[in-house]
Amino acid sequence: MNVSIIGSGNVAWHFAKFFYRRGHRITHIYNRTEQHGRALAAIVDAQFCPNLDNLALSAVDLLVIAVNDDSIPEVVQKLTPEDHTIVVHTSGATPMSILSRCKRYGVIYPPQTIRKDVDSPMAEIPFAIEGSNENVTDILLGIMQEIAPKSFRCNSEQRLALHVASVFANNFSNALYQVAYEMLERQGLDFELLRPIIFETAKNVQNNVPQAVQTGPAARNDKNTINKHLQLLSDNDEVRKIYQQLTSFLIKRRHNT
Ligand SMILES: NC(=O)c1ccc[n+]([C@@H]2O[C@H](COP(=O)([O-])OP(=O)(O)OC[C@H]3O[C@@H](n4cnc5c(N)ncnc54)[C@H](OP(=O)(O)O)[C@@H]3O)[C@@H](O)[C@H]2O)c1
C-alpha cells in the first residue's frame with residue numbers, strides 16, 4: 001500500500017516507521033519545517049515534499065495527517081486528494097467530520113503516549129478506527145489489524161471518551177507523580193523510593209478492575225491518618241485541595257459499593 005504522511009512530529013515519526021517496516025511504501029513526507037521532514041523522509045525512503053499544494057496524491061492509498069489538532073483544518077483546506085485516497089487524522093478529540101471535504105476519510109487514533117525520542121511498541125497499540133462509511137472503516141480496520149492486531153472499530157463518541165479516559169489514566173496520574181516527586185524532594189528523599197509502588201499499582205490493574213485493588217487511608221476511611229496528611233499539606237493550598245477532592249471521591253465510592 002502507498003502511504004503519505006503529513007507531519008514529522010511524534011506521531012508522524014512512529015507511524016511512518018511502523019508502516020514502512022511492515023512492508024508499506026511511504027511515498028511522500030510533507031512537513032512545514034523542511035529539516036524535520038527531510039530527516040523522516042530519509043529514514044523511510046520517501047520523497048520529501050516541501051509544499052502541500054504540490055503533494056502528488058494520485059498513487060496514494062492512505063494519507064495520514066499527523067499534525068497538532070489546531071492545524072488539522074488548515075492542512076485539510078490545502079489538500080486535493082483523489083477519490084480513491086483515504087485521508088485520516090490521528091487525533092482523539094478532533095471530529096472525523098473535519099475531513100468531510102475528502103471523498104473517503106477516517107481516523108486512526110492511538111490511545112498511547114507517543115514521543116519521537118522514545119521507542120513505541122506500535123504493534124501493541126489498540127488503534128481506535130473510524131471511517132466515513134462502513135466500507136472505509138473495514139478497509140482501515142483491515143490495514144491496521146494486520147500490523148496492530150488490537151486495533152478496533154469505534155464511533156466518535158467512544159473515541160472522545162477513550163481520549164478523556166487516557167487523560168485520567170495517563171496525564172493526571174503522571175501529574176500526581178510530579179506532586180509526589182516534589183514532596184519527597186522537599187524532605188531530601190529520592191523519587192526512586194516510589195518507583196516500586198508505582199510499578200505495582202500499574203501491574204495490579206492489568207488483571208483487575210481498579211476499584212477492586214484500591215488501598216490507602218481514603219479506601220479505609222481512616223480519618224485520623226487523613227487529618228495528619230491534611231495538616232502536613234497546610235502550607236500548600238493547591239495540593240491540599242487535590243488531596244481533599246480525591247479523598248472524598250474515594251470515600252463516597254467506598255460507601256456506594
Ligand atoms: N503524541 C501523542 O502521544 C499522541 C497520541 C495520540 C494522538 N496524537 C495526535 O497526533 C497528532 C500529532 O501529534 P504529535 O504529538 O505528533 O504532534 P507534534 O509532535 O507536536 O508534531 C506536530 C506536527 O505538526 C506540524 N505542524 C504544526 N503546526 C502546523 C501548521 N500550522 N501547518 C502544518 N504543519 C504543522 C509540525 O511541524 P513542524 O515540524 O514544522 O513543527 C509537526 O510535524 C495530533 O492530532 C495529536 O492529537 C498524539
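Numbering of ligands and ligand atoms starts at 1, following listing order.
- Remark: Asp138 engages Arg153 in a side chain to side chain donor-acceptor pair (under 3.5 Å) (not counting sequence neighbours).
- A 4.5 Å side-chain heavy-atom check between Arg186 and Asp235 finds every atom pair outside the cut-off.
- Partners of Phe168 by ring-ring contact (aromatic ring centres under 6.0 Å, His included), not counting sequence neighbours, listed by chain and number: Phe172.
- Near ligand 1, Gly7, Ser8, Gly9, Asn10, Val11, Asn31, Arg32, Thr33, His36, Ala66, Val67, Asn68, Asp69, Ser71, Glu74, Val75, Thr90, Ser91, Tyr109, Pro110, Gln112, Thr113, Ile114 each place a heavy atom less than 4.0 angstrom from the ligand.
- Taking the six-membered ring where the residue is Trp, the centroids of Tyr20 and Phe15 are separated by 6.0 Å or more.
- Cluster annotation: Val88 and Val60 are assigned to distinct hydrophobic clusters (Ile/Leu/Val/Met/Phe/Trp/Tyr, side-chain heavy-atom contacts under 4.5 Å, transitive).
- Other cluster members for Leu230: Val179, Met183, Ile226, Leu233, Val239, Tyr243, Ile251, joined by side-chain heavy-atom distances under 4.5 Å among Ile, Leu, Val, Met, Phe, Trp and Tyr.
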